[in-house]
Structures are given as structure tokens and as C-alpha cells.
Amino acid sequence: LASKPAFVLADEPTANLDPNVRGDVISMIKEAQERGQTVLFSSHVLSEIEEVCDRVVIVRAGQLVHTQIMADLRRQHRIRARLCGDMVPLPESLQDEVTRCDVQEDRLLIETPSELSSILRWLTSQPIEEVMIEPIGLRAVYDRFHSPNLATLPAEPASSAVDGTV
């Protein structure tokens with residue numbers, strides 16, 4: 001990175017490094033991004049990819065199976081709640097804001113790619129005992145393409161990669 005090339009290929013650059021040196025490498029990658037360099041960052045450490053990449057591609061069995069813009073992923077949330085009574089069905093007005101709404105016994109799971117305020121307003125009228133809101137995260141996206149139950153994709157090779165482009 002010292003010579004400031006236009007393109008940098010960083011294949012597992014933090015593998016086997018202690019946490020301090022990992023942080024230094026991540027900082028160097030971010031500095032390259034700020035200088036306008038193109039960085040292909042290949043890693044299995046999803047948290048590092050989330051931290052430094054603008055765009056991510058997921059590869060399975062040597063084939064590109066998904067491209068994800070990280071800014072879009074950061075807007076997605078999962079809401080888990082424990083109910084203490086019967087829930088009123090999701091109103092029609094919120095149907096377009098929710099990609100998943102499952103109720104099983106006393107558990108509620110909602111996933112949304114949109115702004116949370118209208119969903120949270122509706123949730124305040126529900127019999128909720130506990131609630132947890134978390135970002136969807138790259139792990140959930142990765143798992144969609146690397147589930148052992150996927151029949152439509154080739155069998156997973158011994159090693160799979162998630163590549164992030166800064």
C-alpha cells in the first residue's frame with residue numbers, strides 16, 4: 001500500500017494476526033479507500049467486511065451468487081419480541097415495509113428494509129413483554145447463500161469466500 005497503486009488485492013490480509021495488527025491493517029485499507037484506491041478485500045471475517053466495504057459479493061462454488069450494497073444492508077433490521085397476549089395482525093399500511101413477519105406461539109419475528117418508526121409505533125400497541133432490535137447484518141445474507149439445504153446451487157466447496165470491494 002505504500003506505493004499507492006490504483007488497485008489493491010487484499011486476500012485475507014488479517015489472517016493469523018493479533019487484534020492490534022488487524023486494526024492496523026483495517027486502518028490501512030480505509031486510508032486506501034479515502035485516497036480513492038480500488039481495493040478488492042477478500043475475507044471470511046464478516047465483521048471486517050462490514051466495517052470496510054462499500055459493496056460485497058458472495059461467492060459459492062466458484063460462482064458469484066449475490067451482490068450487496070452495504071449501505072442498503074445497514075438500513076435493514078430484525079425485530080424479535082416475546083408476546084404476552086394475542087397480537088393484532090400487521091396492518092395493510094405496513095405490509096410494504098416488512099419483508100418477514102412470523103408469529104410462533106409467544107414469539108414474533110419481523111424483518112424490515114425500511115425506516116423503523118411506523119413499525120415501532122404499531123408495536124407499542126401490541127402485548128409485548130420483551131423486544132430486541134438488531135441490524136440484519138452480513139451474516140444473515142451470507143447464510144441465505146450457504147445453507148446446506150440449498151438445492152438450486154452447486155454443492156459448497158471445502159472453502160468459500162466472501163469478497164468485499166471498498
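Starting from 1, each residue takes its place in the sequence as its number. These values consider heavy atoms only, across backbone and side chains, with no hydrogens, waters or symmetry-generated copies. Only a predicted model underlies this, so the values are computations on that prediction, with no experimental measurement involved.
For Gln104, the CD atom counts as loosely surrounded, since its 6.0 Å shell holds 12 or fewer non-hydrogen atoms of other residues, nucleotides or ligands. Other residues, nucleotides and ligands contribute more than 12 heavy atoms inside 6.0 Å of the CZ atom of Arg74. Other residues, nucleotides and ligands contribute more than 12 heavy atoms inside 6.0 Å of the CG atom of Asp102.
Contact record, His146 with Val59: NE2-O, 3.2 Å, taken as the closest heavy-atom pair. The two residues Phe41 and Cys53 make their nearest non-hydrogen contact at CD2-SG, 4.1 Å. Scanning both residues, Pro13 and Ser42, for their nearest heavy atoms gives CD-O, 3.8 Å. The nearest pair of heavy atoms linking Leu83 to Met87 is CD1-CB, 4.1 Å. Taking both residues in full, the closest heavy atoms of Val45 and Ser43 are given as N-OG, 2.9 Å, listed atom of the first, atom of the second, then distance.
How far CD1 of Ile29 is from CD of Glu51: 11.0 Å, rounded to the nearest 0.5 Å. Note that CZ of Arg78 and CD of Glu134 are 5.5 Å apart. Values are rounded to the nearest 0.5 Å. Summarising the geometry, atom CG belonging to Leu40 is positioned 10.0 Å from atom CZ belonging to Arg55; distances are rounded to the nearest 0.5 Å.
Checked by atom type and distance alone, the side chain of Glu115 pairs as donor or acceptor with a backbone atom of Ser117 at under 3.5 Å. For Gln126 (side chain) and Val88 (main-chain N/O), a donor-acceptor pair under 3.5 Å exists by modelled atom type. The main-chain N or O of Leu138 is found under 3.5 Å from a side-chain atom of Glu50 such that the two form a donor-acceptor pair. Between the Arg100 side chain and the Ile110 main chain, no donor and acceptor come within less than 3.5 Å of each other. Here the side chain of Thr112 pairs no donor or acceptor atom with the backbone of Val98 at under 3.5 angstrom. The backbone N or O of Gly137 lies less than 3.5 Å from no partner atom in the side chain of Gln76, so there is not a single donor-acceptor pair.
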Let me see the working for Val25 and Leu17 under side-chain contact (heavy atoms from CB on, under 4.5 Å), right down to the final yes or no.
-> CA-CA 9 Å; Val25 170; Leu17 299 177; 3.8 Å; yes
Stepwise side-chain contact (heavy atoms from CB on, under 4.5 Å) check, Glu48 with Ile26 = CA-CA 8 Å; Glu48 290 178 357; Ile26 296 297; 4.0 Å; yes
For Cys101 and Leu108, run side-chain contact (heavy atoms from CB on, under 4.5 Å): C-alpha distance rounded to whole Å, both residues' side-chain angles, the deciding distance at 0.1 Å, then the answer.
-> CA-CA 7 Å; Cys101 183; Leu108 169 66; 4.1 Å; yes
Might you work through the side-chain contact (heavy atoms from CB on, under 4.5 Å) test for Met70 and Asp54, ending with a clear yes or no?
-> CA-CA 5 Å; Met70 289 306 295; Asp54 299 319; 5.7 Å; no
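Side-chain contact between Leu90 and Ile119: absent, with no pair of heavy atoms (C-beta onward) separated by less than 4.5 Å. The closest side-chain heavy-atom distance from Lys30 to Val52 is below 4.5 Å. A 4.5 Å side-chain heavy-atom check between Thr67 and Val56 finds every atom pair outside the cut-off.
Judged as a side-chain hydrogen bond (donor to acceptor under 3.5 Å, both in side chains), the pairs with a partner in residues 83-97 (not counting sequence neighbours) are, in order, Glu97-Ser118. Screening residues 61-106 for ring pair (Phe, Tyr, Trp, His ring centres under 6.0 Å), with sequence neighbours left out, gives His66-Phe145.
With salt bridges taken as basic N to acidic carboxylate O contacts below 4.0 Å, none links Arg80 and Glu130. Taking the charged nitrogens against the carboxylate oxygens, Arg139 and Asp143 do have a contact shorter than 4.0 Å, which makes a salt bridge.
Ile69 and Ile49 are assigned to two separate hydrophobic clusters, defined by single-linkage of ILVMFWY side chains at heavy-atom distances under 4.5 Å. Under a hydrophobic-cluster definition in which Ile, Leu, Val, Met, Phe, Trp and Tyr are linked whenever side-chain heavy atoms come within less than 4.5 Å, directly or via other members, Leu123 and Leu109 are assigned to different clusters. A single hydrophobic cluster is seen to contain both Ile79 and Ile128, as judged by linkage of ILVMFWY side chains at heavy-atom distances under 4.5 Å, directly or through other members. Transitive grouping of hydrophobic side chains (ILVMFWY, heavy atoms separated by less than 4.5 Å) keeps Leu73 and Leu116 in distinct clusters. Under the 4.5 Å side-chain heavy-atom criterion for Ile, Leu, Val, Met, Phe, Trp and Tyr, Val65 and Ile136 are members of the same hydrophobic cluster.
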